[in-house]
Amino acid sequence: MPPPTVPFFLTSTTLAAAAAKPQRPGPPSPPAQQQQPREARDGSRDACASYTARMRLNPQLALRLFDHLLRSGADPDHVAYALALGRCARGRDRRAAAQLHSHAAKRGAASHRRVCNGLIHAYAVCGSLLDARKVFDRGHEGDAVAWNSLLRGYAAAGDVNALREFFVGMQARDTVSWNTIIAWCVENGEYEEAIAVFREMLASMECLPDRVTLVSVISAITYLGALAQGLWAHAYVCRKGIEVEERLSSALINMYSKCGCIEGAVHVFENLGAQMNVDTWNAMLAGFTANGCSEKALELFARMEITGLVPNKITFNTVLNACSHGGFVEEGMGCFERMTKVYGIEPDIAHYGCMVDLFCRAGLFDKAEKMIQMMPMKPDAAVWKALVGACKTHRNFELGRKAGHMLIEAAPNDHAGYVLLSNIYALDGNWTGVHKVRKLMLDRGVQKVPGSSSIEIDGVIHEFISGDKSHSSKEDIYEMLSEMCQQLKVAGYVPDTSHVLLDIDDEDVKESSLALHSEKLAIAFGLISTAPGTPIRIAKNLRVCGDCHNAVKLLSKIYGRCIIVRDANRFHHFREGSCSCGDFWTVYSGSRESSALTSTRWPAADSSYPAPVDNKL
DNA sequence: GGAAATTCAA
């Protein structure tokens, strides 16, 4: 292909001057280097080597160093081009890549294998798939890097069919090729597909998975909440001796945390040794927070500070979140201050959001409003959502209405705002308000996401929506469900129909719609499909409603099961009639002691931690 | 021999 005609690179003078060097006549004369005296050639090579060494050490400065290299009068070699192109790829700088292409072509370097690979990669990640393809087509067939770089381009372009076709037609697929596909699946929410591709990878025997493969696969498993598969993946890592460096350990900690198995996360974390960085600590902090172990999170944060590790924005985001979920108002305020004063971290909108949430949950609406006023930026939907949610809990209808309207203005396409606002009106008995909000939602074409819950049985994910009758075992499930309802009534459970915020008077209809919530169906299926005493793990796409929360607490006691529900925000560990969240999200009790979480709730690091088992994926 | 692929947050 003809190289792009951009005449200069970075500073316009350097490339133009370099290209116009008198000792560089056009083809068919031999390359200029061969005409230089030997000493000059050696000097240029040394200078170039010194620059490429610096480019390797400071990849961020690669383009600038390349520029300096040209200014010094030395000739860039293929390594210098490749390193500069690598920087273009990372910075998604297509223009600079095209300039380098043009420059290399003039110097006769554009056909070098490494330069070609650099060009393909840079063009591919910058979205110039056609340019990447052109370089590829006239380049080195069979070079794995070239194939993988182009594959990456197809993945970035998002055309699944083209991606699949290219992948299938690849001459030699290696670990990177498979990793690219698996990562693409995860990025695009195709988690089951990611695991299926991983299985194919193993079956193909073409190459071995590495730690990058496992990070992606474990991430897919995390999204699915599939603990059994997570245990398998962890066992695979151990068995194959795959190095558990910072990223893989974060992924594992995250997997165990998000599968509701905090003991597993702690086990991984405590056995890491030197392979730890801020991200690992953040993952563990987030794990404690999501599982309702706020005190543990704060203890860990204190430990982190003692070890001398410097916390970052994410650390504080997580810690503030822990404070807010645990009702630690004082501690949260202290952390917020330390973040700015000790660590010099400028709070971003997320941190302000956490603080508003912290005050709101504690019912300190004055402080929350003050925080909103002092924010240097415009409050976003999350801030309003925290305020509206708390107003609903604390039945502060006036403020709730105002904040609710702000929320639907800040996020007009999110159904959550409309639902929350209509809930506020409904709790206030203002049905006119409810209808107005519903009409607004309808007029704007905003759809409510249907609630769904899933449960993994023997490695298979079963998903239920409210009132679902599509499952093959539906008779057994509904029989179990009616038994559950009877047992609940015996235990003194009264359906809390205030959670059915429909303008209907018939309590029976309200009751039956509650009884068919997706999590109850999933629990019914879990009870008939697992051995007595086995924990039941449910993943739900929305938040658990207050009625289900009450019902599941009782069910955990009636059936002697630990029921772990992952909802859109956090985990609920139901055990013997109570929940690890301490009902905090529904009714804030105000005092730390009354939180259902005690430090003895979780077993020590490895006492009840299930050792990785080599079951089939 | 290098490059390519990756986690944590309301």
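Quick caveat: nothing in here was measured; it's all calculated off a predicted structure. Each chain gets a letter, A, B and so on, in the order the sequences are listed, and its residues count up from 1.
Between the CD atom of A:Glu299 and the CG atom of A:Leu285 there is a distance of 11.5 Å, given to the nearest 0.5 Å. To the nearest 0.5 Å, atoms CG (A:Leu85) and SG (A:Cys116) are separated by 10.0 Å.
Rounded to a whole Å, the CE atom of A:Met170 is 13 Å from the P atom of B:dA5. As a whole-Å value, the separation of A:Met255 CE from B:dC8 P is 12 Å. The separation between A:Asp414 atom CG and B:dA10 atom C1' is 13 Å, rounded to whole Å. In this structure, A:Tyr191 places its OH atom 14 Å from C1' of B:dT6, rounding to the nearest Å. Protein atom CG of A:Asp567 is 13 Å distant from nucleotide atom P of B:dA10, rounded to whole Å. The interatomic distance linking A:Asp348 (CG) with B:dA9 (P) rounds to 14 Å, in whole Å. The separation between A:Phe336 atom CZ and B:dA9 atom P is 20 Å, rounded to whole Å. Computed from coordinates, the A:Asn277 CG to B:dT6 P distance equals 17 Å when rounded to whole Å.
A:Lys313 has no side-chain polar atom (N or O) that falls below the 4.0 Å cut-off from OP1 or OP2 of B:dA10. OP1 or OP2 of B:dT7 sits under 4.0 Å from a side-chain N or O of A:Ser219. Proximity of A:Arg247 to the phosphate of B:dC8: no side-chain N or O atom is located under 4.0 Å from OP1 or OP2. OP1 or OP2 of B:dA9 has not a single side-chain nitrogen or oxygen of A:Asn321 nearer than 4.0 Å. For A:Asn317, no side-chain nitrogen or oxygen approaches OP1 or OP2 of B:dA10 to under 4.0 Å.
Within 4.0 Å of A:Ala286, counting heavy atoms only, lie sugar-phosphate atoms of the nucleic acid but no base atom. Residue contacts shown for A:Glu245 are absent, as no nucleic acid heavy atom lies under 4.0 Å away. Heavy atoms of A:Ser149 sit nowhere under 4.0 angstrom from any nucleic acid atom. In this structure, A:Asp279 reaches the bases: a heavy-atom distance under 4.0 Å links it to at least one base atom across the strands shown. If you check every strand for non-hydrogen atoms under 4.0 Å, A:Ala183 touches sugar and phosphate atoms only. Looking at heavy-atom distances under 4.0 Å, A:His121 makes contact with sugar-phosphate atoms alone, never a base.
Of all nucleotides listed (B:dT6, B:dC8, B:dA10), B:dA10 comes nearest to the side chain of A:Cys354. When each of B:dT7, B:dA4, B:dG2 is scored by its nearest atom to the side-chain atoms of A:Val176, the top-ranked nucleotide is B:dA4. Comparing B:dA4, B:dT6, B:dA9 by their nearest atom to the side chain of A:Arg90 picks out B:dA4. You'll find that the side chain of A:Ala382 is closest to B:dA10, out of B:dA10, B:dC8, B:dA4. Taking every side-chain heavy atom of A:Glu187 into account, B:dT6 is the closest of B:dC8, B:dT6, B:dA4. Of all nucleotides listed (B:dA5, B:dG1, B:dC8), B:dA5 comes nearest to the side chain of A:Val212. Nearest to the side chain of A:Val186, among B:dA4, B:dT7, B:dA9, sits B:dT7. Checking B:dA5, B:dA10, B:dC8 against every side-chain atom of A:Ala350, the shortest atom distance belongs to B:dA10.
Closest approach of A:Ile408 and A:Gly417 over heavy atoms only: CG2-C, 3.5 Å.
Of the listed residues (A:Thr175, A:Thr180, A:Asp174, A:Asn117), just one forms a side-chain hydrogen bond (donor to acceptor under 3.5 Å, both in side chains) with A:Asn148, and that residue is A:Asp174.
Counted by atom type alone, A:Asn312 and A:Asn282 present one or more donor-acceptor pairs between their side chains at under 3.5 Å.
The base of B:dG1 sits within donor-acceptor range of the side chain of A:Arg113, with an N or O pair under 3.5 Å.
For the pair A:Arg173 and A:Phe167, the distance from NZ or CZ to the six-membered ring centre is under 6.0 Å and the angle to the ring normal is within 45 degrees.
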Stepwise salt bridge (Lys or Arg N to Asp or Glu O under 4.0 Å) check, A:Asp380 with A:Lys385: CA-CA 9 Å; A:Asp380 64 358; A:Lys385 206 182 265 183; over 6 Å; no
